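As structure tokens, the structure follows; a few thoughts come after it.
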Amino acid sequence: MSTDLRTESPPPRVALYNNPKVRSAVYQVGLCVIIGLLVYGAASNAIENLRRANIASGFGFWDNNAGFDISQTLIPYSSQASTYGRAFWVGLLNTLLVAGLGIFFATILGFIIGISRLSKNWLLAKAAGCYVETIRNLPLLLQLLFWYNAVLKTLPDIRDSFTLGGAVYLNNRGLFLPKPSPLEGFGWVQIALVAGIIAAIAFRLWAHRRQERTGRQAPVAWVTLALVVGAPLAVFLLAGAPLLFQSPQAGRFNISGGVEVLPEFVALLFGLSIYTAAFIAEVVRAGLLAVSRGQVEAAYSLGLQPRPTLRLVVIPQAMRVIVPPLTNQYLNLTKNSTLAVAIGYPDLVQVFTGTVLNQTGQAVEVVAITMLVYLFISLTTSLAMNIYNKRVALVER
Amino acid sequence: MAMSDTELVPTGPAFVRREFLPAQPPPVRMTGALGWMRENLFSSVFNIVLTILIALLLAWVVPEIVRFLFIDAVWTGADREACHEAVQGHAIGACWPFVWERLPYFIYGSYPIPERWRVDLFFALLALGVVWMLWLSAPRRDLGMIYSFAVLPVVSFILLHGFEAIGLPVVDTVLWGGVLVTIVVASVGIVVSLPFGIALALGRRSQMPAVRLFSVIFIEFVRGVPLVTVLFMASVMLPLFVPPNFEPDKLLRALIGIALFASAYMAEVVRAGLQAIPKGQFEGAMAVGLNYPQRMRLIILPQALRVTIPNIVNNYVALFKDTTLVFIVGIFDLLRTIEVARIDPKWATPVTSTTGYAVAAIFYLVFCYGMSRYARAVEARLATGDKR
């Protein structure tokens, strides 16, 4: 019955076109050739078209004089003296400013709403749910236009501005806030702040080590608060409050002095924060729901109080689920800040891909630079996220 | 040795009751509406404060919206006089006559009036396709697939753009506008992104390094940049990349941008579905001797797409909202027509903008909320299918 297994039959002869290795190589070479031809065709067309339209190429325009004004500049900029390169940095900083503040407010609002959706309070949970469903299902552009055109542009003009004790003015030209200017001795406050932060970190490390060794806990939160907020405040008062607030002065047609916040900026910040908060709320809710009920019950049976249970058991596990999609939302917010172009806030796209592109006509270079900036932000963030994910990933057997 | 209750105290001391009292109803304040409110609204001091605050907020916002949309709204009128507070002498809400007058513009843009039946027919054909695809127990869904993804695009193009040979005059795309453009952009994104997304997702999981590399570069590049820049690229760079005598029209450029963008996002959604398929399915398909296209078409994709339907629909919701961005490259979608109409001097009143935005909000809310409800219903249906 037994057949001799040892007599090896020679491997079956396969036709060359049926050999998987050959096939895969052919496919790949074919794909490379097609893409290469496409790129070559596009490039040669572009060169031909640019030559015909007499448009310069290369990055020489970077150092040319810009000659246009920008309504909000965080670094010194003037239309006569500054270059296109400078305009690029102005736009980039404006983008980063609105994205940074947007992330800050969206996170706070999003966490509050996400937790509210899980609240035992029926009314609160329903109201939060209603917020999320409405905001998530409306296009961001519509919301921005609404805030800008229907809310901020219909505010009274300068003569009838809303005012808060003559220090804060709100009208259709924007929001005017008092401008703080440090006097002599303010440096001490800054020193106290830095020292307070360092001391707080040191105290935290010490408290952690002592708890590991002896099990005794220290009031870390209170001490941190006292060191970071209390100490600089005390120094500030001791030094005789060395900070002068310049209130904006309202004239008939203009408001001078103070800090001017553009209505475009306010609209963009409002729109981005409110929109992204709805998505963050969903992320937070999903994260909290992902922590199984058994974890909380186990913590209670170990004798932990509700608050330490939340802080030591629920939140650390929820954060593992929350952080990656949360970062994604931060990236979305940053990318969505390009909608500034629709309401005229001078962000990177409005300044660079808008005005600079129109003036120079160098579409390829300008669009490529803009895309690379966003790509760089996205890729570095996802790189950081991958490292974080590796660090917090569950170690399984 | 389980003792029944009556045996417990047959001969106890005299002060022990011998028989059970009739059960009493639970205290009134713990049941019914009152009990429910106690538990869900006023369970602690903190909750009482929260409830009051939220109630105050709602009492402020909700009547304001109702007042604006209905009570103080103006329903008839010929021009701005009807909606002007100073002229009418009382508070004015939404200015609906403005919407009635501009409604054809919001729907068709500047599409020639005698040809608008073509747009209506397109909407009807599209609705048929949508219902056929979304109704999971509709008959012959395979035919529906062919209809929606092959027949409908061709027919719609002929219908909307025109085809002189069969007597339909050509309508230039610059005349298209409003809901028509929004729907066209969204449909093109939806129809193109599914096959391209599947191809890219399979490419990203391919064994061939070159295929994988190109897929990853494309997906990560497009997902890493904002849609606005993709649209800018499509509208200002694309004309440079093609031969000079072949200038793609403006709407087509925006459509290409949207399609590229949607495909990259769809690829990641499909990839997530593919990752959810256990390895055994791939190996089993291989073991029965199926080749790669057969494996994917018959075994893997039907399962992967099924589990990921809710995500695909959610992706479509995002895409539908993102179509508003074509506004920025100068396409007259619904939002753009509203922007144009609201600054028309004939209807210039303080409430015109808000009225216009309210119309857009209702439109997008109905579509997006409908789609996300659908996604949730499918999810629930799939979940019950998987329960044993």
Side-chain angles (χ1 to χ4, degrees), chain A residues 24-25 27-29 31-32 35 41-43 45-46 48-50 52-53 116 119-124 127 133-134 136-143 145-146 149-151 153-154 331 334-339 341-342 349 353 357 363-364 366-368 370-372 374-379 382, chain B residues 36-37 39-43 46-47 50-51 53-55 57-58 207-211 214 220-221 223-230 232-233 236-237 239-244 317 320-325 327-328 335 338-339 342 350 353-354 356-357 360-361 364-369 371-372:
Chain A
S24 128
Y27 288 147
Q28 296 184 59
V29 170
L31 184 72
C32 290
I35 289 178
N45 276 331
E48 173 66 20
N49 285 335
L50 287 174
R52 195 190 305 256
S116 301
S119 161
K120 280 198 193 114
N121 188 322
W122 180 85
L123 196 60
L124 183 64
E133 285 302 332
T134 314
R136 277 203 324 166
N137 285 320
L138 289 175
L140 175 59
L141 187 58
L142 174 63
Q143 298 187 31
L145 291 172
F146 171 77
N149 288 322
V151 177
K153 278 290 152 184
T154 54
L331 276 181
T334 312
K335 288 190 270 174
N336 281 336
S337 72
T338 51
L339 291 184
V341 71
V349 169
T353 326
L357 185 129
V364 180
V366 168
V367 174
T370 318
M371 286 184 141
L372 283 179
Y374 287 101
L375 207 56
F376 175 76
I377 297 175
S378 295
L379 292 183
S382 27
Chain B
W36 181 88
M37 277 166 68
E39 195 182 324
N40 292 304
L41 294 179
F42 306 108
S43 57
F46 179 63
N47 264 337
L50 269 183
T51 305
L53 283 179
I54 300 284
L57 185 73
L58 291 179
Q207 304 283 330
M208 298 183 251
V211 176
F214 284 125
E220 291 302 324
F221 176 75
R223 282 167 50 91
V225 299
L227 176 55
V228 172
T229 59
V230 176
F232 264 117
M233 184 178 85
V236 300
M237 278 164 77
L240 291 177
F241 291 152
V242 294
V317 174
F320 193 76
K321 288 187 292 171
D322 281 343
T323 58
T324 50
L325 268 64
F327 171 111
I328 288 169
L335 205 51
I338 285 174
E339 276 296 290
R342 77 176 182 86
S353 302
T354 317
Y357 293 140
Y364 284 105
L365 208 53
V366 166
F367 272 79
C368 297
Y369 189 68
M371 281 196 264
S372 38

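To find a chain, count down the sequence lines: A is the first, B the second, and so on, and within it residues start at 1. All values reported here derive from a predicted model rather than from experimental measurement.
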Problem - From CA spacing to verdict: side-chain contact (heavy atoms from CB on, under 4.5 Å), T338(A), F232(B) - result: CA-CA 11 Å; T338(A) 51; F232(B) 264 117; over 6 Å; no
Check [X] against [Y] and note the closest heavy-atom contact, atom names and distance.
X	Y	result
K335(A)	P226(B)	O-CB, 3.5 Å
P139(A)	K321(B)	CB-O, 3.8 Å
M371(A)	V225(B)	O-CG1, 3.5 Å
L123(A)	A55(B)	CD2-N, 4.0 Å
L240(B)	N49(A)	O-ND2, 2.7 Å
F214(B)	C32(A)	CE1-SG, 3.9 Å

Problem - Step-by-step side-chain contact (heavy atoms from CB on, under 4.5 Å) determination, L339(A) to I328(B) - result: CA-CA 8 Å; L339(A) 291 184; I328(B) 288 169; 3.7 Å; yes
Practice task
Check step by step if side-chain contact (heavy atoms from CB on, under 4.5 Å) holds for F146(A) and T354(B).
Solution key: CA-CA 7 Å; F146(A) 171 77; T354(B) 317; 4.0 Å; yes
Handout entry: Side chain, backbone, both or neither of V230(B) within contact of chain A (heavy atoms, under 4.5 Å)
Key = both
Fill in the blank from the handout: Bottom line for L58(B): the part with an atom under 4.5 Å from chain A's heavy atoms is side chain
Non-hydrogen atoms of chain B under 4.5 Å away: do they reach the side chain of [X], the backbone, both or neither?
X	value
L372(A)	neither
V349(A)	side chain
L357(A)	side chain

Handout entry: Test item: R342(B) and N149(A) side chains (from C-beta on) under 4.5 Å apart, heavy atoms
Key = yes
Handout entry: L142(A) and T324(B), any side-chain heavy atoms less than 4.5 Å apart
Key = no
Practice task
Please indicate whether K120(A) has more than 12 foreign heavy atoms, meaning atoms of other residues, nucleotides or ligands, lying under 6.0 Å from its NZ.
Solution key: no
Handout entry: Residue E39(B) excluded, over 12 heavy atoms near CD under 6.0 Å
Key = no
Handout entry: Among F367(B), F46(B), F327(B), residue most engaged with chain A (heavy-atom pairs, under 4.5 Å)
Key = F327(B)
Exercise for the section: Could you walk me through whether L365(B) and L138(A) pass side-chain contact (heavy atoms from CB on, under 4.5 Å), step by step? Expected result: CA-CA 6 Å; L365(B) 208 53; L138(A) 289 175; 4.0 Å; yes
Problem - N/O donor-acceptor pair under 3.5 Å between N121(A) side chain and N47(B) backbone - result: yes
